[in-house]
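Letters A, B, ... are given to chains in the order of the sequence lines, protein chains preceding strands, and every chain is numbered from 1.
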2 protein chains.
Amino acid sequence: MNAPSGDDEPAKLPTRPPTIKDVAERAQVSPMTASRVLAGGPNVRPQMRRRVEHAASELGYRRNENARSLRPGHKSGLIGVTITNIANPYYAEMQGGIEEIAAKANRRIIVGNSNEDPDLERQLVADFIGRRVEGLIVVPADPTHADHLAPESLGGSPIVFASRSVPGLDVDTVLIDDLGGAYEATSRLLDEGHRQIAFLGTRTSVLTGQRRLQGYRNAHRDHNVPVYEHLVRTGQQEAVGAERALTELLAHEIPPTAVFSANNRNTVGAIRAIARIRSTRTSETPAIRLIGFDWFEFADLSPVPLSVVAHDPRELGRRTAQMLLDRIDGARGGLAAETVELPVYLQLTPEGPK
Amino acid sequence: MNAPSGDDEPAKLPTRPPTIKDVAERAQVSPMTASRVLAGGPNVRPQMRRRVEHAASELGYRRNENARSLRPGHKSGLIGVTITNIANPYYAEMQGGIEEIAAKANRRIIVGNSNEDPDLERQLVADFIGRRVEGLIVVPADPTHADHLAPESLGGSPIVFASRSVPGLDVDTVLIDDLGGAYEATSRLLDEGHRQIAFLGTRTSVLTGQRRLQGYRNAHRDHNVPVYEHLVRTGQQEAVGAERALTELLAHEIPPTAVFSANNRNTVGAIRAIARIRSTRTSETPAIRLIGFDWFEFADLSPVPLSVVAHDPRELGRRTAQMLLDRIDGARGGLAAETVELPVYLQLTPEGPK
DNA sequence: CGAGCAATTGGTAACGATACCAAACATTAG
DNA sequence: CTAATGTTTGGTATCGTTACCAATTGCTCG
């Protein structure tokens, strides 16, 4: 037994965090009264309130949220987030947007990196559900292996997809306007008179990559300009690959006069390739026009002229989180799944994101 | 009451996630047996095992980890992380490293953005402790308001600081070698013969900024070269500020011949300022030498020659997480707090991080 | 001064899971 | 065939918290 409340020594050897019973004992009240005080409940004499608060602060008491969330009606206050690559600045910014909205709604985010691996993703989601998250935000790793993301296998937790969609599933999704952005960029190049426009993109198994390629094709179709298939290079996941691909193309007998790079990594590779070519064959080579998907901090510093299709990952995160919270609060209870496409901005002289 | 097990309809209206009792009932066993099966316990007849597993998968049962962690001896499996700015690519990469190590140790991270605000940080930490995280990783927002980060106010959860330290507190800390990196970079410039070296840095209230400035000064001292105080410009938190500051300096009657920029943002600003000046006054102006702290993706594309002091934020995250896990496992139970300084690499021709 | 009412406090049970023990059952040796 | 041993199953209590109700106290008003 502890000494009575006259005992003032700090006694700092908490092998185990103090419980509400410890607080109650020290304050000489019942656990119920202590609970009422600490939950800010009504009908407590100020004297009791002070006694309990004092005891709690002396012991360094923290309410155990896990135990609390066990009681019926209580939620965990957690939102599970799986991202294919946390370290990617794009998703980092998106995560920032999610956190911003979640924090406003007094929720925390619990984050896992799926590393583009659907199995890892499945484990993460299972873990999150085990922790009774109130909802899930997922950047789906692989749309063809996404059974574990189907609403019926989630035990009722709402889910929203961010940045990528999964065709077969009826799930709220927030995308950016890949098709429109690619269309607009390519159209711009065509309007400028270019007829040999290289496409540099990722694997087309990533839906985003597929849609951007589609926008490129659609623009050609609508301008009645044929696509030179040899100028379409997909599968570059990293900058080095893109650099190599474009270097090859520039050596081709029908070289591109302009390049549309479908993401950040490909844009970097394209810049390097163009800069290198230009330093070898000096002024006689005509300038290569470049438009890249994804905004990019140093566009104004690029050694080759660069326009970008900009969009706002933070806003993507915000919208996704808000959509999820609306589902959680039941604000959009019965409504069917919705897909939102965020706008993109063709920036001819980039100045930074919105 | 539910119909007996003959009932095969999916019955998908889970207003409430199924509990182990639901599973037990459906499998016609006691909750204890169900628990044993689902925890992989021994001494269960295969027939029972199958019955329970079948019932569990039919109901979509997930063990409630919150309830589980309530039992004595069980941990939450959570690590709380507060970062001053999640969206910063540097910290995003660091978070990636933390997650990597945490995942290997079968832990999840719960992440909050303190937004450089010590009050928010305090709330986050309180929340994390309430969730019984097994440990905390914090990028401290403000070393002068950090009482809430003292071990004695954390109820026993181990804590490790990443990227920034808090002088008064006896806490494990992982830093990068700011002093050494700044010293090395500045020394290099001095060795090259420069005598007017501008310093562009953040507020010196950020300890990192202070240490980098100190390295700059120490290098001057050891080379017996006086510091021109007007060339020391601190307080630039963003690139625009740095660009303005350096533009001013370049117009000064004693302009710098070289620049040491103490972080990423300042480097970007410096590049812009130098590029702009060079485009105005053409070839007669001598080249400005630039070395920047923090690695930077497009260093090889920079329109002005640039060397960088590189370091690896992912490794910073990994080390921090490992240090925390060691504390959690008691591997370093009684040992005093330790501060680790990760090495930096002066890259004269940048090629990317390790 | 006592009935009537509100304010205050405490006891009990339950949230979901499981450690511990006891009961029931099967198996083998003697 | 019985005792002893091992295997399998279930009951009970508990982790920390709080909703619900009952018990107690203090207060007002007729």
Side-chain angles (χ1 to χ4, degrees), chain A residues 14-53 55-56 59-78 127 129-133 155-156, chain B residues 14-53 55-56 59-78 127 129-133 155-156:
Chain A
T15 44
R16 161 193 65 99
T19 74
I20 201 163
K21 277 186 204 156
D22 300 323
V23 174
E25 205 167 291
R26 195 176 180 98
Q28 309 261 26
V29 298
S30 78
M32 248 336 287
T33 303
S35 171
R36 246 186 301 257
V37 169
L38 297 167
N43 299 342
V44 186
R45 293 214 323 271
Q47 177 198 355
M48 287 288 147
R49 188 174 294 278
R50 276 197 310 278
R51 277 228 310 264
V52 171
E53 278 165 355
L59 292 174
Y61 170 78
R62 306 282 184 172
R63 182 164 57 195
N64 184 331
E65 287 299 327
N66 295 328
R68 193 160 188 245
S69 75
L70 203 55
R71 307 296 330 275
H74 269 102
K75 306 299 197 70
S76 68
L78 285 176
D127 181 281
I129 292 178
R131 294 177 190 281
R132 296 297 185 266
V133 294
Chain B
T15 43
R16 162 193 65 98
T19 75
I20 200 161
K21 275 186 205 155
D22 301 323
V23 174
E25 204 167 293
R26 195 175 181 99
Q28 309 261 30
V29 298
S30 80
M32 248 335 288
T33 303
S35 172
R36 247 186 300 257
V37 170
L38 297 166
N43 299 343
V44 186
R45 293 212 325 270
Q47 178 197 354
M48 287 288 144
R49 187 174 295 279
R50 276 199 310 278
R51 277 228 310 263
V52 171
E53 278 166 354
L59 292 173
Y61 170 79
R62 307 281 183 174
R63 183 164 56 195
N64 185 331
E65 286 300 327
N66 295 328
R68 195 158 187 247
S69 75
L70 204 55
R71 305 298 326 278
H74 269 104
K75 306 300 198 68
S76 67
L78 285 176
D127 181 281
I129 293 178
R131 295 177 189 281
R132 295 296 183 269
V133 294

S.K.: Test of understanding: with side-chain contact (heavy atoms from CB on, under 4.5 Å), list the residues that count as partners of Lys75(A), not counting sequence neighbours.
M.R.: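 Counting only residues at least two positions away or on another chain, Lys75(A) forms a side-chain contact (heavy atoms from CB on, under 4.5 Å) with Glu134(A).
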S.K.: Between Arg26(B) (side chain) and Ala55(B) (backbone), is there a donor-acceptor pair under 3.5 Å?
M.R.: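 Such a contact is absent between Arg26(B) side chain and Ala55(B) backbone.
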S.K.: Which letters describe nucleotides 10-20 of chain D, given B = protein heavy atom under 4.0 Å from base, S = only from sugar-phosphate, - = neither?
M.R.: BB--BBBBBBB
S.K.: Using the C1' atoms of five pairs at each end, what's the angle between the two axes of the helix from dC1(C)-dG30(D) to dG30(C)-dC1(D), to 10 degrees?
M.R.: 50°
S.K.: Produce the list of close N/O pairs, under 3.5 Å, pairing protein atoms with atoms of nucleotides 23-26 of chain D; give distances to one decimal.
M.R.:
none

S.K.: For Thr33(A), enumerate each residue passing the side chain to side chain donor-acceptor pair (under 3.5 Å) test, keeping only those at least two apart in sequence or located in another chain.
M.R.: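 Partners of Thr33(A) under the side chain to side chain donor-acceptor pair (under 3.5 Å) test: Ser30(A).
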S.K.: What residues, two or more places apart in sequence or in another chain, satisfy side-chain contact (heavy atoms from CB on, under 4.5 Å) together with Thr19(B)?
M.R.: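 Thr19(B): side-chain contact (heavy atoms from CB on, under 4.5 Å) contacts with Arg16(B), Lys21(B), Asp22(B).
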S.K.: Is Arg132(A) close to Leu78(A) at the side-chain level, that is, under 4.5 Å between some pair of heavy atoms?
M.R.: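 No - every pair of side-chain heavy atoms lies 4.5 Å or more apart.
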S.K.: If you look only at distance, which donor and acceptor atoms sit under 3.5 Å apart when one is on a side chain in residues 61-68 of chain A and the other is two or more places apart or in another chain?
M.R.:
{"residue": "Asn64(A)", "atom": "OD1", "partner": "Asn66(A)", "partner atom": "N", "Å": "2.8"}
{"residue": "Asn64(A)", "atom": "OD1", "partner": "Ala67(A)", "partner atom": "N", "Å": "3.1"}
{"residue": "Asn66(A)", "atom": "ND2", "partner": "Arg131(B)", "partner atom": "O", "Å": "3.1"}

S.K.: What's the separation between atom CG in Leu70(B) and atom OG in Ser76(B), rounded to the nearest 0.5 Å?
M.R.: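 With rounding to 0.5 Å, CG (Leu70(B)) is 12.0 Å from OG (Ser76(B)).
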S.K.: Test: side chain to side chain donor-acceptor pair (under 3.5 Å). Region: residues 36-48 of chain B. Which pairs qualify, not counting sequence neighbours?
M.R.: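 Counting only pairs at least two positions apart or across chains, the side chain to side chain donor-acceptor pair (under 3.5 Å) contacts touching residues 36-48 of chain B are Arg45(B)-Gln47(B).
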S.K.: Excluding sequence neighbours, so at least two apart, what forms side chain to side chain donor-acceptor pair (under 3.5 Å) with Arg71(A)?
M.R.: none
S.K.: Can you name the nearest heavy-atom pair linking Val29(A) to Ala34(A), along with the distance?
M.R.: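 That closest heavy-atom pairing would be CG2-N, 4.2 Å.
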S.K.: Quick one: how far along DNA chain C does chain B reach, first to last nucleotide 5' to 3', anything under 4.0 Å to a heavy atom?
M.R.: dC15(C) to dC20(C)
